[in-house]
Structures are given as structure tokens and as C-alpha cells.
Amino acid sequence: MKNPIENLNKIFDSRIRLGIMSALMVNDEVSFNELKELLHITDGNLASHLKNLEENNCLKVQKSFVGRKTNTTYSATKVGEKAFKLHLDALEKMIRSIE
Amino acid sequence: MNNPHQHLSALQDIRSMMEKSSRFISLSGLSGIAAGVCALIGAWVSYDYVYGYKDYMMGSYSYERGGNSSLAYDAGMDFSIQLLLNTTLFWIAAATFIAAFISAFVFTWIKSRREGVPIWGKTAQRLMIHVSVPLIAGGLYILKLLHFGTFGLVAPGCLIFYGLALLNGSKFTLSEIKYLGYGQLALGIINLQFTGYGLYFWAAGFGILHILYGGIMWYKYDRNTKTSEA
């Protein structure tokens with residue numbers, strides 16, 4: 001039997017990572033602080049999820065300076081966008097099969 | 001992992017995150033109603049001045065001009081900022097705008113607090129910029145209309161530029177606002193054919209359309225959040 005969840009991507013199991021990718025899909029770039037406000041989580045928690053997504057080539061990091069403060073922004077990579085779309089398709093299929 | 005509710009809630013998460021991060025969705029329906037009520041009051045107060053039942057100039061200016069004259073049909077008078085600041089109508093308009101802005105802001109602020117969306121986040125800034133550009137251009141244009149004494153074109157000008165501003169902003173907030181924009185545009189363009197009736201069109205656009213839009217938005221979005229909280 002075909003595994004019904006084979007197309008669901010492990011990376012997006014986490015609600016936080018799913019949320020990060022959703023925000024990156026509709027914005028050219030999103031800063032660390034904006035993500036923090038959107039997701040209501042701590043710096044450390046967010047950083048570890050971002051690291052995970054970066055290691056999986058789903059997002060790229062841009063560091064720049066605003067005055068003396070570092071401003072870190074994130075944007076989705078082509079690989080990340082594709083993986084996210086496949087994940088959405090898989091979710092859709094699962095829900096349709098249940099109906 | 002195979003639980004359908006889990007997948008549904010994942011999809012809902014995605015949708016809400018996409019909306020929250022790209023649109024300012026805290027715009028409250030009550031804000032529209034409040035702004036509309038302010039506009040209607042403003043139109044009602046200024047009616048006598050616009051249609052000449054009361055003189056629209058204040059103090060010594062009124063005296064010099066020898067009393068009554070109707071702004072709606074007056075044309076070609078020499079207009080300056082100095083003169084503008086001495087008309088009762090200008091202050092009624094300014095008070096209406098400020099009252100509408102503050103009351104609209106309060107309801108949206110309350111809603112954004114409840115939803116935990118920052119009132120001055122990136123989405124709100126983008127919305128403000130996209131709405132402000134046509135509005136400022138329109139404001140300057142209308143000042144020039146006043147300068148040339150073409151008062152009949154002021155109300156259509158307000159409606160048209162405001163409609164364009166809403167259309168421009170609709171990509172950055174609840175997209176239904178574009179229908180409000182189309183409505184204002186249509187009223188403004190029809191008003192071009194009936195230039196003596198500017199105040200009625202103005203009241204219909206800024207008053208009635210706002211209240212209608214606000215009511216529909218409140219019914220569609222805000223009402224549900226209240227019942228789900230209770």
C-alpha cells in the first residue's frame with residue numbers, strides 16, 4: 001500500500017517552521033524581529049528553527065547593519081519554495097482523501 | 001500524524017500566517033462605521049454654509065463681503081491659504097477629518113491589541129504608504145481647485161482620489177476594501193455630471209458608503225471573533 005504521508009515533508013512537521021515558511025512565501029524578506037512578533041516565540045526557539053530551515057536549504061540569511069545594530073533578514077530559496085508547495089499539495093491530497 | 005484535524009489546522013496556520021505577515025488585517029469594521037458617522041455629522045453641520053443659508057466666511061471677512069453668498073455656485077473668487085483658513089467650512093472639514101481619523105484609529109487599535117498584531121508593524125506601514133500617496137496628490141490637486149474657485153469639482157475630486165487610494169491600499173489589508181474604493185470612484189465620477197450637489201455625493205460616499213462597508217465588515221469578521229471569545 002502506498003504510504004499516505006510519504007509526500008509530507010518532515011521539515012514542516014513543526015508548526016513554527018511551517019509558520020516561518022508561510023511568511024517567507026508571501027514576503028520578499030522578513031526580519032528576525034518580525035518573525036518573532038508573528039509567531040510569539042522566544043529568540044532561542046526561533047533561532048533554532050531558522051537554523052534547521054537554513055541547513056535544509058529552505059531559506060537564506062542576509063545580514064546587514066542598521067547603524068550599529070545588526071539586521072538579519074530571511075528569504076525563501078527556490079528549493080524551499082518547491083518543498084513547501086509539495087508539502088501543501090500533499091496536505092491537500094490527504095484532506096481530500098478523507099472527505 | 002494521520003489525523004485529519006491536524007492537517008486542517010496546519011492549513012489554517014499557513015493561511016493565517018500568510019495573511020498576518022503580508023496584510024494589515026486588524027482594520028475594524030467599527031472604524032468604517034465611526035468614520036461614516038463623523039462624515040455625516042460634518043456634512044449636516046456644513047450644509048447651511050455650503051448652500052448659502054449661512055455665510056461661510058468668519059469674522060471680519062464675513063463683514064467685508066457683505067454677508068450671504070453661496071459657496072456651491074460661487075466661482076472665480078480670489079483664493080489664498082489665508083482666506084481658506086478664515087472660512088468656517090475649512091474648520092468644519094478639518095474637525096470632521098480629525099474626528100473621523102481618531103475614532104477610526106481607536107477601533108482598529110482595540111482590534112489589533114486583541115489580535116496581538118502590532119499597530120505600527122511592517123504591514124501597517126505598507127498600507128499607510130500606499131494609501132497616503134494618492135491622498136496627498138489628491139489633496140494638493142484639491143487645494144489648486146480651491147485656488148481657482150472651482151468649488152464644484154472639490155467633492156468629486158475628494159471621492160475620486162479617495163477611491164483610488166483605497167484601491168491602491170486594498171492589496172495590503174482586507175481585500176474587500178476595494179469595493180469601497182470602486183464605490184467612491186463611481187460616486188465621484190457621477191458627481192462630475194451634477195456639480196452643484198457635491199455635498200450630497202460627499203455625504204453619500206464618505207458617510208453612507210463607509211457605514212455600509214463598516215457594517216458588512218463588522219458582520220463578516222469582527223462579530224465572529226467576539227462570539228468565539230465568549
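Throughout, a chain's letter reflects where its sequence line sits, starting with A, and its residues are numbered from 1.
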Q) Do you know the tightest heavy-atom contact between B:A39 and B:W202? A) O-CZ3, 3.5 Å

Q | Which atoms of A:F12 approach chain B - backbone, side chain, both or neither, heavy atom under 4.5 Å | A | neither

**Q.** Minimal non-hydrogen separation, A:G19 against A:L39, with atom names
**A.** CA-CD2, 4.1 Å

Q: Can you tell which part of B:R23 gets under 4.5 Å to a heavy atom of chain A, answering side chain, backbone, both or neither?
A: neither

Q. Does the ring centre of B:Y200 sit less than 6.0 Å away from the ring centre of B:F194?
A. no

Q: May I ask you to check whether B:H210 and B:Y162 place their ring centres under 6.0 Å from each other?
A: yes

Q.
Shorter than 4.5 Å, heavy atoms on both sides: which option in B:M17, B:K20, B:R15 has the most such pairs with chain A?
A. B:M17

